[in-house]
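Reading through the structure tokens given below for one structure.
Below, chain A is the first sequence line, B the second, and so on; all start at residue 1.
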Protein chains: 2
Amino acid sequence: MLVEAEREQSNGGRPRARLRVPAERGVLIGVDVAETYVHVDAFDAALTRLSRHQRDLVDRSEPGYVLGEVADCIREAIVANPRQVLGVGVSMPGQVEPSAGVSVFAPNWRWADVPVQRMLRDLLPVPINVDNPLKATTVAELWFGAGRGVYDLVTVNLGTGVGAGIAFGGELIRGVSNNAGEWGHTTLIMDGRRCRCGRRGCVEAYVGVPGIIATLTEEFPEHRYGGDDQQRFVANVRAGLEAGDPEAGWLIERLSHQLGEALANLVNLLNPERIILTSWTATALGAWLLPPTASRMLAQSIAGSATASQLVVSEIGENPVGLGMATLALEHYLEEVGLPARRGFSARSDG
Amino acid sequence: MLVEAEREQSNGGRPRARLRVPAERGVLIGVDVAETYVHVDAFDAALTRLSRHQRDLVDRSEPGYVLGEVADCIREAIVANPRQVLGVGVSMPGQVEPSAGVSVFAPNWRWADVPVQRMLRDLLPVPINVDNPLKATTVAELWFGAGRGVYDLVTVNLGTGVGAGIAFGGELIRGVSNNAGEWGHTTLIMDGRRCRCGRRGCVEAYVGVPGIIATLTEEFPEHRYGGDDQQRFVANVRAGLEAGDPEAGWLIERLSHQLGEALANLVNLLNPERIILTSWTATALGAWLLPPTASRMLAQSIAGSATASQLVVSEIGENPVGLGMATLALEHYLEEVGLPARRGFSARSDG
Ligand SMILES: [Zn+2]
Ligand SMILES: [Zn+2]
């Protein structure tokens, strides 16, 4: 087993060690199970992508069907890359609990306590680890994105749902039951707008795409950006911004006020070095959204933390979830063979 | 140099190692510099208290005067305990920045960029480390309080100011410039009540003692609990609760609504195993405040994190700040001699 250490120079000057595994050592599989599709990426052991595979999901309500499609798609990736499978990392939406034998609680999907890891292991004779997209994205940013060389990092996912991935000292923070990062369900306005989680006034209820649509519709009931299709709505807002449309301009101003405040909460509580905005919404609107949001975040941050924190948009062009899950699978593999790539901070699985 | 390893059984079943130094190895000094006084505690190397010393502060505006009193009081403790001084830990209010050579920014005190560590080192020929009370309290709870055996912990200080100390994996989280934990200046109500930090709607503006006084006075302008003296106000509220006074009952209901929501934000973002309420306010009002606050916190926490988090009041009877700072001084000493008691997560001081 050959492993070489790579030392990067961090911004702060402190070198950090990373393990790099020779490419030909085997195959890693990263899986992104999303609302309407399964993406499976195969990588070599140096995390260069070898192939991509996909399935559409027509009915996400039935765990057996969804996990059958996931397993089929993984099998296709394994067949296409006939080398030893070092590990498979599967990102599932919702809350993933390793202490419960890795079951998944996915409220949007109406899944509760589905033992995803066990079910997939019954279907596939390879090492499988399950986690959620926030964790995967954060790992991808730490290894390959704007998080390289950053010790104290937050990635913020802006989409239909809203959440954060947190790292301290270059390590992913999981919390006691692997649920750290539910920033979308922290308060922006106590007793405010109803959130899909049941609380009121959550960050997500304002800066998640359905919340953004509600904000615009409350102010401009006659707007023409649509709203049934979230991707189309965001594309329409972008077109409106490009055309100098005042409704779109108003929306960015309002959203940056809310988002900047909610991000300043992360700055004040966690004092990170960098916050990375990820997802399709950040990519589509980032050019307009980033400057006023960063300005509001700075104004709302306490003195000693404000200047220490940068706000950036992710530079990982493609979907980082598959890459992050393959990286997590590599970390698990290295731990198994006694060569941990990073220190612990796993959610405990003593049970 | 004798060091023995102690292994505690955590609640989760995973043992954790702690280093324990023989008592006679030397003296550790823990210093709590507060609004109106300096407390200096001397401990043996096993962290048993040997003596306590105190100075009143009549003018906190002048760093030279304050640090002179601090140095005098430390000198008194050293003279009273004639053994090798292994280290001195000084807790200062405000933001302590190791990357700036440990200066302190204390807005309430109108101190900015005062190089406390250097000034104290000029006055005393002993190893001195400076930090703030939140960090000290959290370390005390981890080693000696309700944080023993807990990996993912938050301590919440309820007083004039409000803040949090955060630990993951049994390690204190500092953030990139040692300012992590400013939970008091995260949002409860966007654009709400003005906070002394300059923001609006901060948690502290509602659950800090001045905020509690404002809440009661807004609802009951004629109340008789006072308000100029914060300690007396809290004592009067406690007496009102003991007497079944409806105004005090209303206040606890309102405060627990706000505090429970703000604590649920910590649960949702950080997924800790335990949250410990500390300080004189928590001690005085805990019996009334804890049950409704815990209930509100549970209701406002996301499913996978709610049941994983316990809310408790600190069991450390005396002021934990001196004990915590002495413990931090011991950790620094052990690092210096190549026996780190815990892994890193220090704020970087590369500069
Ligand atoms: Zn919510
Ligand atoms: Zn504030």
* Structure fact -> Distance col, row B/Gln258:CD vs A/Asp191:CG, nearest 0.5 angstrom, shows 9.0 Å

* Determine yes or no for a side-chain-to-main-chain donor-acceptor pair under 3.5 angstrom, with B/Ser177 supplying the side chain and A/Gly304 the backbone. => yes

* **Atom pair CE/NE2 of B/Met190 and A/His257 - distance to nearest 0.5 Å** => 4.5 Å

* To do: Please test B/Leu269 against A/Ile166 for side chain to side chain contact (heavy atoms under 4.5 Å, CB included), starting from the C-alpha separation and ending with a verdict.
  => CA-CA 9 Å; B/Leu269 186 62; A/Ile166 304 167; 4.1 Å; yes

* Non-hydrogen atoms of chain A under 4.5 Å away: do they reach the side chain of B/Gln95, the backbone, both or neither? -> side chain

* Structure fact -> To the nearest 0.5 Å, atom CD of B/Glu97 lies from atom OG of A/Ser305 at 8.0 Å

* To do: Using a cut-off of under 4.5 Å on heavy-atom pairs, state which of A/Leu270, A/Thr307, A/Val203, A/Leu188 scores highest against chain B.
  => A/Leu188

* To do: Check each atom of B/Ala303 against the heavy atoms of chain A and say whether the ones under 4.5 Å are side chain, backbone, both or neither.
  => both

* Heavy atoms of other groups near A/Glu253 CD, more than 12 under 6.0 Å -> no

* **CZ on B/Phe168 to CG on A/Leu172, rounded to 0.5 Å** => 10.0 Å

* Asked: Does CD in A/Glu336 sit with more than 12 non-hydrogen atoms of other residues, nucleotides or ligands closer than 6.0 Å?
  -> no

* Among A/Val267, A/Asn271, A/Ile302, residue most engaged with chain B (heavy-atom pairs, under 4.5 Å) -> A/Asn271

* Is any side-chain heavy atom of B/Arg199 less than 4.5 Å from a side-chain heavy atom of A/Glu261? -> yes

* To do: Say whether, by atom type as modelled, one donor and one acceptor occur between the side chain of B/Asp152 and the main chain of A/Val176 under 3.5 angstrom.
  => yes

* **Interface residue of largest heavy-atom contact number with chain B, from A/Arg200, A/His185, A/Gln300, under 4.5 Å** => A/Gln300

* Among A/Thr187, A/Thr186, A/Asn265, find the one that has a side-chain hydrogen bond (donor to acceptor under 3.5 Å, both in side chains) with B/Thr187. => A/Asn265

